[in-house]
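Counting convention: from 1, in listed order, for ligands and their atoms alike.
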Amino acid sequence: MTMVETLATPDLSDENILRFVGGVRPCRRGGLRIESEQLGADAGSKLLVHNYGHGGCGVSIGFGTADEAAALVDAHSSTDEPVCVLGAGVVGLTTALRLLQRGRRVRIVAEKPGTETVSTVAGAVWLPTGIEFGETPERVAWFHAILNRSVRALRGLDQRFGVEELPVFEPAGAPAYPEFFDNGTIEPPTALERLPIGAAEQPGRVYRTLFIHTPRFLRVLIAEVEMMGGVFERRTIGRLKDIADLAEPVVVNCLAMGSRSLFDDGAVYPARGMLVLMKPQPLGYIAHDGYKYMFPREDALVLGGCFLEGDDRAEPDEAYCREILRHHRAFFGQDDPR
Ligand SMILES: Cc1cc2nc3c(=O)[nH]c(=O)nc-3n(C[C@H](O)[C@H](O)[C@H](O)COP(=O)(O)OP(=O)(O)OC[C@H]3O[C@@H](n4cnc5c(N)ncnc54)[C@H](O)[C@@H]3O)c2cc1C
């Protein structure tokens with residue numbers, strides 16, 4: 001057991017509330033779908049590569065899945081063929097960047113730009129949450145390789161991207177997920193006799209992981225894609241015919257929830273999340289208790305949250321967000337005015 005000094009306490013009073021936000025995690029039974037298919041002449045004879053199903057960890061694993069998708073594009077098409085990436089969330093952006101870095105011409109077509117997607121709502125802590133790893137040992141090993149590649153890619157980014165390492169404190173009674181640490185990318189938790197945060201003296205555990213300041217991360221990703229020659233177009237893809245009509249012979253599908261109807265994938269399902277954003281407070285640590293978490297993001301102190309499976313409403317619910325606040329206030333021994 002290790003003892004650590006008491007750390008700074010956040011001020012969770014009402015005057016520090018900025019706003020409530022919500023979003024839908026694009027989950028998929030069976031986990032990620034990253035595979036290629038050759039479409040027939042009626043669908044434009046295109047190579048279609050799928051890259052979706054990132055659930056609660058798209059920011060964490062975007063770069064790893066982008067490498068997989070880009071490798072499939074290279075394996076099945078010639079390098080001078082231009083690519084159309086569908087979707088401009090973190091998955092579309094990282095995929096576009098990897099393709100550009102491999103020398104491809106890339107156009108990104110999306111209904112909403114990256115700064116307006118669920119990707120910008122994400123916290124984002126590096127943890128493989130809200131996603132199925134896979135049923136077979138081969139599939140789990142494949143997923144672990146993606147996790148490893150993702151961490152290496154995030155660690156290799158320069159400071160502009162807003163990725164840093166932070167300690168994560170969890171009460172001893174918080175749900176534990178040993179599988180998050182099985183891949184060896186982050187060290188498993190160390191037990192603590194007393195947590196250095198919170199009002200009550202209680203045992204807990206600590207580990208260190210990456211934290212991604214998502215609004216900045218997405219802005220820099222977009223700038224990098226543009227700098228490398230990527231072109232953005234705002235458009236809705238409403239049916240398969242829209243894909244057949246695209247000029248590019250190669251298409252990568254990063255449409256997240258959009259894949260459910262467009263590609264008739266019944267395995268895709270939503271998981272609603274809500275967050276309370278408070279004025280930024282540079283605490284230097286993360287408090288984590290399952291989906292109840294607190295992140296010191298540079299633009300906001302982020303209080304989460306929830307994982308409401310099957311609920312596809314993106315807008316936040318005031319009563320639920322108040323409940324999130326109450327939970328965090330109780331943990332830090334602060335009064336709830338309501
Ligand atoms: C509250 C909350 C907290 C989260 N916290 C974390 C976290 O701490 N760490 C983490 O790693 N992840 C976290 N996530 C999960 C993360 O946000 C997602 O996994 C990730 O954003 C998925 O990225 P994406 O690019 O696949 O999807 P999206 O960001 O949804 O992007 C999809 C893109 O496709 C476009 N699109 C969809 N349909 C169509 C169509 N028919 N035509 C044209 N364009 C279309 C959209 O406009 C958009 O550009 C969180 C999510 C939520 C909601």
Asks: Give me each pair satisfying ring-ring contact (aromatic ring centres under 6.0 Å, His included) with a member in residues 91-124, each pair once, sequence neighbours excluded.
Replies: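 ring-ring contact (aromatic ring centres under 6.0 Å, His included) check on residues 91-124 returns no pairs.
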
Asks: In residues 170-183, what donor-acceptor pairs under 3.5 Å come from side-chain atoms, sequence neighbours left out?
Replies:
unit_1 : atom_1 : unit_2 : atom_2 : d
Glu170 : OE1    : Arg205 : NE     : 2.7
Glu170 : OE1    : Arg205 : NH2    : 3.0
Glu170 : OE2    : Tyr207 : OH     : 3.1
Glu170 : OE2    : His288 : ND1    : 2.9
Asn183 : OD1    : Thr185 : N      : 2.9
Asn183 : OD1    : Thr185 : OG1    : 2.2
Asn183 : ND2    : Phe180 : O      : 3.0

Asks: Would you tabulate the polar-atom pairs, meaning N/O of ligand 1 against N/O of the protein, with distances under 3.5 Å, reported to 0.1 Å?
Replies:
unit_1   : atom_1 : unit_2 : atom_2 : d
ligand 1 : 5 (N)  : Gly123 : N      : 3.4
ligand 1 : 8 (O)  : Val125 : N      : 2.9
ligand 1 : 9 (N)  : Val125 : O      : 3.0
ligand 1 : 11 (O) : Cys57  : O      : 3.4
ligand 1 : 11 (O) : Val59  : N      : 3.2
ligand 1 : 11 (O) : Ser60  : N      : 2.8
ligand 1 : 11 (O) : Ser60  : OG     : 2.8
ligand 1 : 12 (N) : Gly56  : O      : 3.0
ligand 1 : 19 (O) : Gly55  : O      : 2.6
ligand 1 : 19 (O) : Gly58  : N      : 2.8
ligand 1 : 21 (O) : Ser119 : N      : 3.4
ligand 1 : 21 (O) : Ser119 : OG     : 2.8
ligand 1 : 23 (O) : Ser119 : OG     : 3.3
ligand 1 : 25 (O) : Val90  : N      : 3.3
ligand 1 : 25 (O) : Val91  : N      : 3.1
ligand 1 : 29 (O) : Thr117 : OG1    : 3.4
ligand 1 : 29 (O) : Ser119 : N      : 3.2
ligand 1 : 29 (O) : Ser119 : OG     : 2.5
ligand 1 : 41 (N) : Ile237 : O      : 2.9
ligand 1 : 42 (N) : Ile237 : N      : 2.8
ligand 1 : 44 (N) : Glu111 : N      : 3.0
ligand 1 : 47 (O) : Lys112 : N      : 2.9
ligand 1 : 49 (O) : Ala88  : N      : 2.9
ligand 1 : 49 (O) : Lys112 : O      : 2.9

Asks: Find out if a path of hydrophobic residues (ILVMFWY) with successive side-chain heavy-atom gaps under 4.5 Å connects Val90 to Val121.
Replies: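 Val90 clusters together with Val121.
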
Asks: Could you pull out all donor-acceptor pairs under 3.5 Å where a side-chain atom in residues 55-64 meets a protein atom, sequence neighbours excluded?
Replies:
unit_1 : atom_1 : unit_2 : atom_2 : d
Ser60  : OG     : Val125 : O      : 3.1
Ser60  : OG     : Leu127 : N      : 3.3

Asks: Could Arg29 and Tyr269 be counted as a cation-pi pair, given that NZ or CZ must be under 6.0 Å from the ring centre and within 45° of the axis?
Replies: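 Yes.
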
Asks: Hey, could you give me the CG/NZ distance between Leu12 and Lys279, rounded to the nearest 0.5 Å?
Replies: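 Here the interatomic distance stands at 13.0 Å.
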
